[in-house]
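Heads up, the thing below is written out as structure tokens.
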Amino acid sequence: MRRLHVDLGERGYDIIIDRGMIARGGIAEYLSSPGGKTAVITDENVDKYYGNAVTSALRGTAAKLVLPAGEATKSFETLQTVYEFLFDFQITRSDLIIALGGGVIGDLTGFAAATALRGVPYVQIPTSLLAQTDSSVGGKTAVNTARGKNLVGAFYQPRAALIDTDCLKTLDDRTFADGMAEVIKYGCIRDEKLFDDLARGEIAEHMDDIVTRCCDVKRAVVEGDEFDTGERMILNFGHTLGHAVENYYNYQKYTHGEAVAVGMYNISLAGERIGVTPRGTAEKIKRVLTKYRLPYALDVDAAALRGAMALDKKSTGGGVNIILLDRIGHAVIRNMPKNEVFQ
Ligand code: GLY
């Protein structure tokens, strides 16, 4: 078992990485008040594997809401279903909500927890690699709107993130690769040794270690900039381009991680062009992306991408805040005109 503490004062919490904790029935030992009411929110894929193991490990009264799997669930319509479930269960602010699933369930449940009764405590139990290394830590919660993804949300920190890396065994290859893009991102922005390990080695036996290293980078960045006004933007390396690519294809062609992979490679080429990123960096990134079955080539023209990023949250009046690498393992933020980013 590994434990990291996200030090945000009274909003601080632990990230527990404990392989096998769900099957062992060990969830309750990490909950600070396991005796009250607990509302578990999950999706039908995750429920099949872990729903009963989690609910039966809880002490006190538990209720479970199983939602359809997929991005369409992160909607206002489903949010309404979540609120009704919570209020029918007569949830109070001294009870607990558990988000059991990947990024969609984590973001939606987190937003419901932030807003129901103006805030009910919640715990993240992330089951995908992307959620274990990124979205379950740091308190970003959201729902999508017709104008774009994650445009409505709140910063609302969980009481804990409980990570069981055994969950990774039930992911299909594409979903695993989706999360690997974020893992590679952490190597690029903050952990050269992680990047080298990914480039060199077999990772299957070391996932606890890898997830812990990613969470530790995220912990440090979030501690320094909880509300995403400065340094936290480095977590978006590859994301501005990636979001534009995802948006251009209406979220159908690429997974988030695949689009971020394309973004990391191509923004590194742009960084090399303007002399911030050392020559050869994009090529190193390409090799690692390919190793983990991720794409790198950009198949959308620049003008279309400029349009597709109109609502990116990193946009400012004059340009866009872009994350570049000045070396592998170190990221910098540059405000650049859109036409320099998309050439
Ligand atoms: N996923 C980026 C962040 O949490 O800031």
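We count ligands from 1, going down the list as the structure has it; atoms in each ligand are counted the same way. Positions are given from 1, in the same order as the sequence printed here.
Counting non-hydrogen atoms of neighbouring residues, nucleotides and ligands closer than 6.0 angstrom, the CZ atom of Arg293 reaches no more than 12 such neighbours. More than 12 heavy atoms of other residues, nucleotides or ligands shown are found within 6.0 angstrom of CZ on Phe195.
Among Ile27, Val40, Val66, the single residue meeting the side chain to side chain contact (heavy atoms under 4.5 Å, CB included) criterion with Leu100 is Val40. Across Asp216, Asp208, Asp209, a single residue satisfies side-chain hydrogen bond (donor to acceptor under 3.5 Å, both in side chains) together with Arg2, and that is Asp209.
Considering only residues two or more places apart in sequence or on other chains, Asp134 meets the salt bridge (charged side-chain N to carboxylate O under 4.0 Å, His left out) condition with Lys218.
Closer than 4.0 angstrom to ligand 1 by heavy atom are Asp134, Lys140, Lys218, Arg232, Leu235, sorted by chain and number.
The aromatic rings of His243 and His239 stand perpendicular to each other, their planes meeting at an angle above 60°, with 30° marking the opposite boundary.
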